[in-house]
Each structure stands twice: as C-alpha cells, then as structure tokens.
Amino acid sequence: MTTEAVAAFGTGLLRTTVRRTPDGFLWSRRTGPLAPSPFAPLAPGLAESLAGQECLQTRWLLGESDRRGNRHYAARGRLTAAYSLLTRDGFREFAPSPELLDALTGLGGLLAGLHRTRVPPTAPSPGPSRALCRLHGWLTGASEVSGADLLLSGLGARLFAVLTRGCAAALTPSPNDVLCHGAPGLGSLLLGGPGRPAEMLIGEDVCRAPAAYDLGWPTGELIELRRSHGAREPEAWQPLMDAVGHGYGDTGASSDSLWPALRIAVHAHDTIAYRPWPPARAIPEFLPLLHDLLHASVLPLPFR
C-alpha cells in the first residue's frame with residue numbers, strides 16, 4: 001500500500017509524483033497538459049527481453065502502464081543523478097562520487113544492450129523520437145511555440161541549418177537505426193544508495209533512431225550542468241561525461257558534437273513551451289553551448 005506523496009513536480013510536458021512504499025518508492029509519471037503526444041512505451045515482448053539486463057549494478061526499471069497511459073515504477077531509490085549533481089551531493093572533494101560514476105557507466109552498458117536488441121516480428125515497430133519531432137516542428141516553423149527566430153538570429157544561418165538538417169536526418173528512417181530509449185536523462189536515473197543498484201526508467205520515449213542519439217542525450221545534459229554548476233572545478237566533470245561512453249564501449253557510434261547539441265536544443269524548446277519561459281529569457285541561456293557544439297560538429301549532412 002502506498003502512502004502520501006513525498007515529492008511532486010513537473011511541467012506542461014511531464015508530471016511526476018513520488019510516493020513512499022514499504023519496499024521503497026513508487027514513481028508515477030504522466031504526460032503534462034501541454035504534451036503534444038502520448039508516451040511511447042516498450043512493446044510487451046521488448047520489456048521481457050530487457051528485464052534481466054544489468055551493468056555495473058545499473059538496471060532497467062521497466063514499470064507498467066495503467067489504462068490511462070500513465071507510467072508507474074516500483075523503485076528502490078528516491079534521488080536521481082540530476083538531483084545529486086544539482087545539489088553537489090554527487091561530488092566528494094570536487095571529484096565525482098564513485099556511486100554516480102558507476103551509475104553513468106552502467107547506463108552506457110544498458111544502452112549498448114538496448115541498441116543490440118531486435119524488435120520481435122510480432123511487436124509494433126517503434127516510431128520516431130518524440131523529442132526530435134517537437135524540435136523539428138519548432139525549427140521548421142511548423143510549431144506554434146515561439147523563439148525559433150531568436151535562435152536563428154543568435155546562431156546565424158549556417159549553424160541553424162546544421163541543427164535543423166541534423167534533426168531532420170536523425171528523424172529520417174535508416175537501416176542503421178536501432179531501438180533507442182529516446183530520452184535517457186539524468187532525471188530518470190535513480191541512485192540506489194550504498195550496496196543498491198541504480199535504476200533507469202524506460203518506457204515513455206522508446207523510438208528508433210541512430211545509436212548516437214541516445215548517447216548524446218546524457219552528454220548534453222552534463223554539458224549544461226557543467227556550465228551552470230561546475231565553474232569552480234570544470235575538470236571534475238570530464239569523468240562524468242566520459243563514463244557513459246566507457247560503459248557503452250567501442251561500437252562505432254558517432255561521438256560528434258551534433259548529438260549533445262540536439263539534446264540541448266530540445267531543452268531550449270521545452271523550456272519555452274512547457275515551463276514556460278519567454279524566448280527572450282530562454283534563448284540566451286542556451287546559445288553559447290549550442291554555438292560551440294554546432295561549430296565543432298564535423299558530421300557530414302545528411303549523414304544517412
């Protein structure tokens with residue numbers, strides 16, 4: 001039996017409630033009132049194939065959907081990797097904690113296993129990324145969300161075109177696409193505490209995309225957090241950004257800077273659309289990082 005909520009938070013895109021249970025915590029998530037699409041869960045056959053996957057004591061938390069499409073996860077932990085970094089609990093003497101490094105390395109290993117997983121012939125094929133669909137509509141003027149003109153003005157036509165074409169290419173079906181988590185963010189990575197496994201929520205944004213799309217998501221979030229919270233010891237963040245790649249291994253997935261740029265651009269859109277911040281306030285927060293990452297990208301476009 002669950003008890004009263006110990007945390008409740010969210011935006012117009014996603015709402016989360018955390019309740020204490022006798023065995024830990026129940027994380028309940030539902031789409032926010034402004035979400036343009038429902039969750040994209042795992043097909044039943046896929047959930048079964050992922051149930052036993054674990055890497056460095058990090059494992060998938062598959063959860064269940066109710067009849068309204070809301071997601072519920074019986075978790076061991078209450079605190080996320082994002083919270084740990086925002087509050088500085090994830091650092092010890094200006095160095096990342098072993099628990100956090102292991103969780104991120106384990107996440108990389110889980111993503112590698114997910115990307116090798118084949119969709120059963122009887123299961124529906126995953127669709128495109130929900131997040132990239134939001135971003136592409138914004139960049140191309142097909143969305144009612146404002147601010148893309150300010151992003152164009154701030155980046156300049158060439159870099160804006162790199163971002164827009166990269167997003168379009170990532171959405172274009174290709175034989176090289178893999179089964180992707182879709183949004184493997186630090187706010188979905190639950191830290192288990194000493195001796196307990198970390199758990200990664202999955203089942204809200206499952207999609208088909210290039211493998212590098214999933215890898216760029218947590219990297220982009222770490223780049224953002226380093227800029228806003230790591231000014232005193234920026235070098236301490238590099239092991240965190242390396243950890244997911246180390247766990248993933250040398251599989252040939254692109255590490256081009258376009259991929260974290262896409263995650264940061266999605267965050268820019270979602271900040272305006274769902275928090276909401278006015279574009280004149282939001283866009284300057286994201287421009288420096290987007291400029292540097294897109295300028296450094298060497299991925300030929302289209303890359304299909």
Side-chain angles (χ1 to χ4, degrees), residues 3-21 24-29 32 56-59 61 73-108 110 181 183-202 204 216-247 260 263-264 266-268 270-271 274-277 281-282 285-286 288-289:
T3 59
E4 64 180 292
V6 296
F9 50 90
T11 68
L13 180 66
L14 176 67
R15 303 284 189 177
T16 300
T17 302
V18 183
R19 293 180 172 86
R20 191 180 299 276
T21 69
F25 299 90
L26 180 68
W27 283 67
S28 297
R29 315 231 293 187
L56 281 181
Q57 288 197 316
T58 303
R59 64 191 184 190
L61 193 56
Y73 307 87
R76 300 281 186 89
R78 171 185 174 184
L79 302 182
T80 67
Y83 179 87
S84 178
L85 290 167
L86 286 168
T87 61
R88 307 291 303 167
D89 287 347
F91 286 87
R92 301 290 183 272
E93 298 294 330
F94 298 122
S97 69
E99 179 190 10
L100 190 54
L101 284 171
D102 284 350
L104 288 170
T105 304
L107 172 59
L110 287 180
H181 179 287
L186 305 176
S188 296
L189 181 58
L190 310 184
L191 303 179
R196 294 183 176 181
E199 298 172 308
M200 184 68 192
L201 309 186
I202 186 171
E204 299 168 15
W217 192 279
T219 302
E221 293 187 348
L222 287 166
I223 289 171
E224 278 197 63
L225 285 168
R226 180 178 64 176
R227 178 176 180 267
S228 59
H229 291 78
R232 292 177 59 190
E233 64 291 338
E235 68 284 350
W237 289 73
Q238 193 59 47
L240 293 169
M241 289 189 284
D242 293 339
V244 176
H246 288 161
R263 168 59 186 125
I264 292 171
V266 168
H267 192 195
D270 292 354
T271 297
Y274 307 122
R275 287 193 66 170
W277 281 15
R281 178 187 175 190
E285 294 292 321
F286 298 96
L289 292 178

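Values below: all heavy atoms of this structure, side chains included; hydrogens, waters and symmetry mates excluded.
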Mind checking whether [X] and [Y] have side chains closer than 4.5 Å, heavy atoms only?
X      : Y      : value
Pro288 : Arg227 : yes
Trp237 : Leu85  : yes
Leu289 : Ile223 : yes
Leu191 : Leu100 : yes

To the nearest 0.5 Å, what is the distance between [atom1] ([X]) and [atom2] ([Y])?
X      : Y      : atom1 : atom2 : value
Leu201 : Arg29  : CG    : CZ    : 5.0 Å
Leu222 : Leu104 : CG    : CG    : 6.0 Å
Phe25  : Leu79  : CZ    : CG    : 7.5 Å
Asp242 : Gln238 : CG    : CD    : 4.5 Å
Thr219 : Leu186 : OG1   : CG    : 9.0 Å
Leu107 : His181 : CG    : NE2   : 8.0 Å

**Request:** Name all residues meeting the side-chain contact (heavy atoms from CB on, under 4.5 Å) criterion together with Ala75; count only those two or more places apart in sequence or in a different chain, and write none if there are none.
**Result:**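 Trp27, Leu61, Leu190, Glu199.
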
**Request:** Measure across Gly187 and Ala82 and return the closest heavy-atom pair with its distance rounded to 0.1 Å.
**Result:**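 Here Gly187 and Ala82 meet closest at N-CB, 3.8 Å.
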
**Item:** Closest contact, heavy atoms only, Arg76 versus Pro197
**Value:**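 In terms of heavy atoms, the two residues are closest at NH1-CD, 4.2 Å.
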
**Asked** Quick check: does any side chain N or O of Thr271 sit under 3.5 Å from a backbone N or O of His267, one acting as donor and the other as acceptor?
**Response**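 Indeed, once roles are kept as given, a pair shorter than 3.5 Å links the two residues.
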
**Message:** If we check side-chain contact (heavy atoms from CB on, under 4.5 Å) with Leu110, which of these qualifies: Leu189, Ile202, Thr58, Thr105?
**Reply:**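 Testing each of Leu189, Ile202, Thr58, Thr105 against Leu110, the sole residue satisfying side-chain contact (heavy atoms from CB on, under 4.5 Å) is Thr58.
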
